[in-house]
Amino acid sequence: MNKVYIKHSVVPKIRRFTPWIYANEIDSSLEEFQSGEVVALFSKKDGFLGTAYVNPKCAIFARILSFGKEEIGKKFFHNRIKNAIKKREALLKTTNSVRLIHSEADFLPGLIVDKYGESLAIQINTAGMEVFRELILSTLKHLLNPSWIVEKSDVNSREIEGLESHNGTLFGTPVQGFELSENEHTFLVDIEDAQKTGFYLDQRRNRALCASYIKENDRVLDLCCNAGGFGIYALKAGAKECVFVDVSESAIEQTKANLERNELSSESLHVKDVFTFLKEQKYKSSFDMVIIDPPSFAKTKEQAVGAKRGFKHLLMESTKAVKDGGLIGFFSCSHHVGRKELLDIAMEVSHDVKVQYVLLEQMQQDADHPCLINASASFYLNGLLLRVEK
Ligand SMILES: C[S@@+](CC[C@H](N)C(=O)[O-])C[C@H]1O[C@@H](n2cnc3c(N)ncnc32)[C@H](O)[C@@H]1O
């Protein structure tokens with residue numbers, strides 16, 4: 001195994017279990033290494049520090065697989081995947097679908113695996129994980145005996161890693177119209193064609209929390225609704241009406257199917273850009289709850305400024321649409337716009353629109369998407385539940 005020497009100043013960061021090492025933190029010549037190669041990390045002064053895979057094409061040069069001297073082979077993947085499955089056992093009592101492996105936060109950087117019943121949807125996002133593709137698949141089959149494994153590795157990060165998109169069935173028989181059940185709600189998921197790996201599993205806990213604030217006959221506005229998750233929870237909790245908005249036609253089709261499946265209905269489903277919708281809308285102080293759950297506007301640090309403007313606009317318009325005393329669920333799924341930034345934005349809107357916000361809840365991704373505190377990107381979903389005092 002080749003050795004990579006890192007700068008002495010980086011050692012404390014590794015001692016704190018930070019799993020990423022940037023290209024400018026290396027004391028070796030990057031060209032010596034192959035994409036995806038497993039290396040031993042050393043500091044000239046402190047000796048061995050861990051085992052990582054590297055990619056000289058990327059700003060994140062090395063991702064640490066182990067802080068010990070472990071062989072990265074069958075036993076390593078078996079133990080890591082088995083541990084990840086074990087941590088989800090409690091959650092699987094309330095749903096048939098969970099994230100089983102959440103990359104760095106399950107100590108398998110670059111690997112995502114979601115379980116939908118007996119099916120698995122996987123994403124391999126780095127050249128380093130790509131090397132272990134066959135081993136990962138055989139371990140998943142051995143531990144979970146899935147009926148179908150589908151790959152959904154079409155994320156931008158693969159391009160940065162010098163990899164092509166990879167989609168489609170890897171094993172078994174495709175499932176169409178999968179019935180996802182969570183907290184006694186049922187959603188129909190088209191795993192292969194839907195966004196992400198199929199469903200926004202990360203919002204499970206927040207859907208339930210927001211619905212717990214719903215009162216009989218409330219009116220709800222679900223912005224960027226995807227398959228209708230928040231709105232459907234709200235209707236089942238007693239809301240009289242929900243208006244659904246998403247720019248994606250298939251998301252609204254999915255919402256319609258999910259309303260039907262849950263024996264609910266809505267007269268108001270809009271395939272529309274949320275900014276256009278809010279500009280055109282005639283709802284002034286009409287809703288008891290508005291959910292703002294847009295896509296990740298900021299995939300990079302540089303995009304965060306523009307993203308914050310977008311968030312501010314959405315909060316401003318939603319504040320006008322909500323009643324005095326009404327609630328707003330305000331979410332960001334980009335770690336570049338985190339909890340502090342959402343609070344700062346709320347403070348600015350409070351000034352501009354002359355309302356006060358009371359912070360009722362601070363929300364984050366559900367427990368099957370663990371947050372590793374030294375890998376800030378693993379802590380990507382933040383939300384505020386605000387009561388608007390006009
Ligand atoms: C994070 S997901 C919402 C997840 C959803 N709340 C749930 O609980 O499943 C973001 C959604 O925003 C939609 N979207 C993206 N850009 C949009 C836009 N400009 N206007 C409206 N919807 C948009 C996407 O189609 C996607 O369904």
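Whatever order the structure lists them in is the order used to number ligands and atoms, beginning at 1. In this chain, numbering begins with 1 at the start of the sequence shown.
For the residues I292, V245, V247, the heavy atom positioned nearest atom 23 (C) of ligand 1 is part of V247.
Residue D246 has at least one N or O atom closer than 3.5 Å to an N or O atom of ligand 1. Of the polar atoms of F199, none of the N or O atoms is found under 3.5 Å from an N or O of ligand 1, judged by distance alone. Between Q203 and ligand 1, not a single N/O pair is under 3.5 Å apart.
Ligand 1 places these atoms under 4.0 Å from at least one heavy atom of F230: 6 (N), 8 (O). Within ligand 1, counting atoms from 1 as listed, the ones closer than 4.0 Å to a heavy atom of N226 are 3 (C), 4 (C), 5 (C), 9 (O), 26 (C), 27 (O). Of all the atoms in ligand 1, the ones that sit under 4.0 Å from a non-hydrogen atom of S248 are 25 (O). Every atom of ligand 1 with a heavy atom of P295 under 4.0 Å away is listed here by number and element: 10 (C), 12 (O), 14 (N), 15 (C), 16 (N). Taking every non-hydrogen atom of C224 and a distance limit under 4.0 Å, the qualifying atoms of ligand 1 come out as 3 (C), 5 (C), 6 (N), 11 (C), 12 (O), 21 (C), 22 (N), 23 (C). Listed by number with element, the atoms of ligand 1 under 4.0 angstrom from any heavy atom of D293 are 1 (C), 2 (S), 3 (C), 4 (C), 5 (C), 6 (N), 10 (C). With ligand atoms numbered from 1 in the order given, ligand 1 contributes 18 (C), 19 (N), 20 (N) to contacts under 4.0 Å with heavy atoms of D273. Within the listing of ligand 1, atoms 20 (N), 21 (C) sit less than 4.0 angstrom from a heavy atom of K272.
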Show every donor-acceptor pair shorter than 3.5 Å between a side-chain atom in residues 204-211 and any protein atom, with sequence neighbours excluded, or say none if there are none.
{"unit_1": "R204", "atom_1": "NH1", "unit_2": "D366", "atom_2": "OD2", "d": "2.8"}
{"unit_1": "R204", "atom_1": "NH1", "unit_2": "D368", "atom_2": "OD1", "d": "3.1"}
{"unit_1": "R204", "atom_1": "NH1", "unit_2": "D368", "atom_2": "OD2", "d": "3.4"}
{"unit_1": "R204", "atom_1": "NH2", "unit_2": "S97", "atom_2": "O", "d": "3.0"}
{"unit_1": "R204", "atom_1": "NH2", "unit_2": "D368", "atom_2": "OD2", "d": "2.8"}
{"unit_1": "R205", "atom_1": "NH2", "unit_2": "Q365", "atom_2": "O", "d": "2.8"}
{"unit_1": "N206", "atom_1": "ND2", "unit_2": "Q203", "atom_2": "OE1", "d": "2.8"}
{"unit_1": "N206", "atom_1": "ND2", "unit_2": "Q364", "atom_2": "O", "d": "3.1"}
{"unit_1": "R207", "atom_1": "NE", "unit_2": "E182", "atom_2": "OE2", "d": "2.9"}
{"unit_1": "R207", "atom_1": "NH1", "unit_2": "Y200", "atom_2": "O", "d": "3.2"}
{"unit_1": "R207", "atom_1": "NH2", "unit_2": "E182", "atom_2": "OE1", "d": "3.2"}
{"unit_1": "R207", "atom_1": "NH2", "unit_2": "E182", "atom_2": "OE2", "d": "3.2"}
{"unit_1": "R207", "atom_1": "NH2", "unit_2": "Y200", "atom_2": "O", "d": "2.9"}

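In this model, a donor atom of one side chain and an acceptor atom of the other lie less than 3.5 Å apart for H8 and D46. Defined by atom type and a distance below 3.5 Å, a donor-acceptor pair is missing between the side-chain atoms of Y213 and D218. Using a 3.5 Å distance cut-off with no hydrogens or angles, the side chains of N55 and S35 do pair a donor with an acceptor.
Shown here is E389, whose CD atom has more than 12 heavy atoms of other residues, nucleotides or ligands within 6.0 Å. By the 6.0 Å contact criterion, CD on E280 is enclosed, its count of non-hydrogen atoms from other residues, nucleotides or ligands being greater than 12. Annotation: K74, atom NZ; neighbour count of heavy atoms from other residues, nucleotides and ligands within 6.0 Å does not exceed 12. Applying the 6.0 Å contact sphere to CD of Q34 captures no more than 12 heavy atoms from other residues, nucleotides or ligands. Within a 6.0 Å sphere centred on CD of E118, heavy atoms belonging to other residues, nucleotides or ligands number 12 at most.
In this structure, C225 has a heavy atom closer than 4.0 Å to ligand 1.
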